[in-house]
Amino acid sequence: MFCNQCQETLNSKGCTKNGVCGKKGEVADLQDRLLYVLKSVSFYNLKARAAGLNEEATDKFVLDSFFATLTNTNFDRQAIESLIKKGFKLRDEIKAKLPAEMISAEKDLPAVATVTPESVESLDVAVHSTQDEDIRSLRELLTYGLKGMAAYTHHAYVLGYKDEAIFEFIEKGLVATTDDNIGVEALIGLVLECGQKGVSTLALLDKANTETYGNPEPTAVNIGVRDRPGVLISGHDLRDLEQLLEQTKGTGIDVYTHGEMLPANSYPAFKKYENFAGNYGNAWWKQNEEFEKFNGPILLTTNCIIPPRDSYRDRIYTTGVVGFEGLTHIYEKEDGIKDFTPLIEQAKKSKPPEQIESGTIVGGFAHVAALSVADKIIDAVKTGKISRFMVMAGCDGRHKERAYYTEFAKALPKDTVILTAGCAKYRYNKLDLGDIGGIPRVIDAGQCNDSYSLVVIAQKLAEAFGLKDINDLPVSYNIAWYEQKAVLVLLALLSLGIKNITLGPTLPACVSPNVLKVLVENFNIKPNTTVEEDMKILLNQV
Ligand code: SF4
Ligand code: SF3
């Protein structure tokens with residue numbers, strides 16, 4: 001195996017035996033093969049699209065399978081094997097439908113078009129096997145951005161929102177990573193286009209979430225516990241939460257969120273459930289300890305799952321694209337419903353959660369809520385009460401170096417406001433940072449995809465201040481990344497022309513020195529260093 005897709009990759013180079021995340025070498029190799037099969041499917045599906053023969057089931061398959069290869073999503077060997085099998089079958093069906101003139105003679109086809117279930121096992125299909133360092137780097141960066149795009153597109157898709165241009169770009173990007181005629185310049189173009197399409201993807205998901213569940217409202221979220229048994233739900237899939245709340249209503253079972261599901265507490269559609277009890281615990285990497293104490297069943301709807309301890313393994317359920325060998329998986333039925341009865345029945349026999357924290361934290365400042373107090377914010381900036389906004393969005397992770405983000409938040413001057421989204425917030429959202437004239441010093445827009453809200457807020461502020469360039473705002477970016485959704489968010493920020501981003505805790509391992517040079521020359525990206533150094537730089541921008 002070789003995997004370097006996340007920030008915690010071994011020695012900031014690559015995992016080669018088993019993943020730091022717990023992914024087995026065998027599963028990593030299968031995921032590489034699955035990715036290659038998706039490229040083969042995409043090769044033919046782009047032709048099917050051109051001929052008007054594309055079917056939605058293919059889009060769905062590509063999204064779901066691609067998502068399954070994202071960090072901390074699917075560790076299940078059999079599930080990946082079955083996707084590989086399905087992929088080949090689908091590829092052959094698409095191929096069979098195409099008019100003969102659209103398919104070259106077998107000898108003229110590239111390897112990705114002719115790969116078979118037998119040959120894929122012996123071919124070196126890992127994107128990392130590309131020889132040229134810069135081509136490899138760009139192919140990897142594009143692949144990781146596309147993984148994030150597939151994941152977010154999947155989230156929008158389950159709510160009935162789709163965009164053909166995004167599906168097509170994912171396929172085009174996948175195929176491009178196999179094409180030796182696509183050189184450095186063209187790959188840079190594709191990486192930037194991935195960012196542009198990333199903005200459309202985030203906008204689509206924002207529309208899907210807010211049109212379906214309402215605009216998040218500023219909400220004080222309970223982080224303590226009640227005295228009834230509960231079900232804990234983690235990941236990003238709001239539709240799963242909706243079904244779980246519907247099915248648990250009136251049963252005496254409470255529902256708590258974990259990790260990236262926290263922002264769901266601010267949606268009007270969910271707040272109406274009296275058994276929606278609040279948020280339990282922190283970011284994904286603390287799940288071992290926190291799941292143990294929760295006492296009741298836990299549903300993992302998307303990333304991030306980590307290998308469960310025996311002590312609570314029988315209480316973990318996966319659904320959707322998530323998989324882990326030996327855990328119960330809840331499948332969607334024909335009618336689109338997932339039956340959560342096994343969790344509800346187990347919850348009835350469980351003890352209430354053990355209290356690990358108490359009090360409340362405030363969330364729900366997505367763009368509509370934040371902009372409803374725009375006048376107040378603009379006034380605070382004009383009168384000097386707010387000197388600067390610090391965007392600290394992204395992911396949290398288990399490495400102790402991430403204490404940097406807590407220290408950075410603590411060290412920020414009292415007239416600065418943190419804008420956050422994603423699970424990165426858990427490094428500082430329980431600190432008592434106070435407020436500035438009623439504006440909280442941590443404005444939480446929601447999940448990592450709600451970084452889109454932060455962009456909308458920045459754009460509106462730029463308009464209000466009559467600035468043409470978003471970089472002229474008193475806004476600095478200190479972004480934390482871990483997995484590939486964050487890679488897409490980063491590319492989306494770059495595509496909007498946002499410069500001077502500080503990125504940490506380390507730069508992506510796939511970035512070669514020359515690719516880094518391009519990023520520095522065009523966007524002035526820099527890796528984070530120490531709290532003191534970065535503070536000096538970030539507070540003194542423009
Ligand atoms: Fe290593 Fe990250 Fe890949 Fe897991 S996802 S194998 S930790 S690089
Ligand atoms: Fe967190 Fe996994 Fe990235 Fe959605 S839950 S931000 S790491």
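Whatever order the structure lists them in is the order used to number ligands and atoms, beginning at 1.
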message: Checking Glu217 now: which residues fulfil salt bridge (charged side-chain N to carboxylate O under 4.0 Å, His left out) with it, not counting sequence neighbours?
response: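 Glu217 satisfies salt bridge (charged side-chain N to carboxylate O under 4.0 Å, His left out) with Lys271 once adjacent residues are dropped.
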Residues in salt bridge (charged side-chain N to carboxylate O under 4.0 Å, His left out) contact with Lys85, at least two apart in sequence or another chain: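 Applying salt bridge (charged side-chain N to carboxylate O under 4.0 Å, His left out) to Lys85 gives none.
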task: Could you please spell out the steps behind the salt bridge (Lys or Arg N to Asp or Glu O under 4.0 Å) verdict for Asp396 and Lys286?
output: CA-CA 10 Å; Asp396 196 9; Lys286 289 206 170 162; over 6 Å; no
message: Under a 3.5 Å threshold, yes or no: a donor from one side chain and an acceptor from the other, between Asp134 and Ser512?
response: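 Side-chain D/A pair, Asp134 to Ser512: present.
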task: Tell me yes or no: between the side chains of Tyr256 and Asn222, is some donor less than 3.5 Å from an acceptor?
output: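 Distance-only check fails for Tyr256 and Asn222.
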- request: Report, as a single number, the protein N, O or S atoms less than 2.8 Å from atom 3 (Fe) of ligand 1.
  value: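 Total protein N/O/S atoms under 2.8 Å from atom 3 (Fe) of ligand 1: 1.
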- request: Run through Arg33, Lys17, Arg77 and flag the one making a salt bridge (charged side-chain N to carboxylate O under 4.0 Å, His left out) with Glu26.
  value: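 Answer to the salt bridge (charged side-chain N to carboxylate O under 4.0 Å, His left out) test with Glu26 among Arg33, Lys17, Arg77: Arg77.
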- request: Evaluate the side-chain proximity of Leu262 to Ile361: yes if any heavy-atom separation is below 4.5 Å, no if none is.
  value: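 With C-beta onward as the side chain, the pair touches.
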Side chain proximity check, Leu205 to Tyr452, heavy atoms < 4.5 angstrom: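 Leu205 vs Tyr452: side chains apart.
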- prompt: What about Tyr331 and His329, are their ring centers closer than 6.0 Å?
  reply: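 Here the rings of His329 and Tyr331 have centres that are less than 6.0 Å from each other.
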query: Any idea which atoms of ligand 1 are less than 4.0 Å away from a heavy-atom of Met1?
result: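 Numbered from 1, ligand 1 contributes 6 (S).
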query: What protein N/O/S atoms are found closer than 2.8 Å to atom 3 (Fe) of ligand 2?
result: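 Only Cys395 SG, Glu483 OE2 fall inside 2.8 Å of atom 3 (Fe) of ligand 2.
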- prompt: Could Lys293 and Glu290 be called an ion pair, given the rule that one side-chain N must be under 4.0 Å from one carboxylate O?
  reply: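 Result for this pair is no, no salt bridge flagged.
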query: Mind checking whether Gln7 has a heavy atom under 4.0 Å from ligand 1?
result: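 No; Gln7 lies far enough from ligand 1 that no heavy-atom distance drops under 4.0 Å.
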- request: Among Phe294, Phe291, Tyr280, Tyr426, find the residue that satisfies the ring-ring contact (aromatic ring centres under 6.0 Å, His included) test when tested with His258.
  value: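 Only match with His258 under ring-ring contact (aromatic ring centres under 6.0 Å, His included): Phe291.
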query: Just which atoms of ligand 2 are under 4.0 Å from any heavy atom in His236?
result: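 Result: 4 (Fe), 5 (S).
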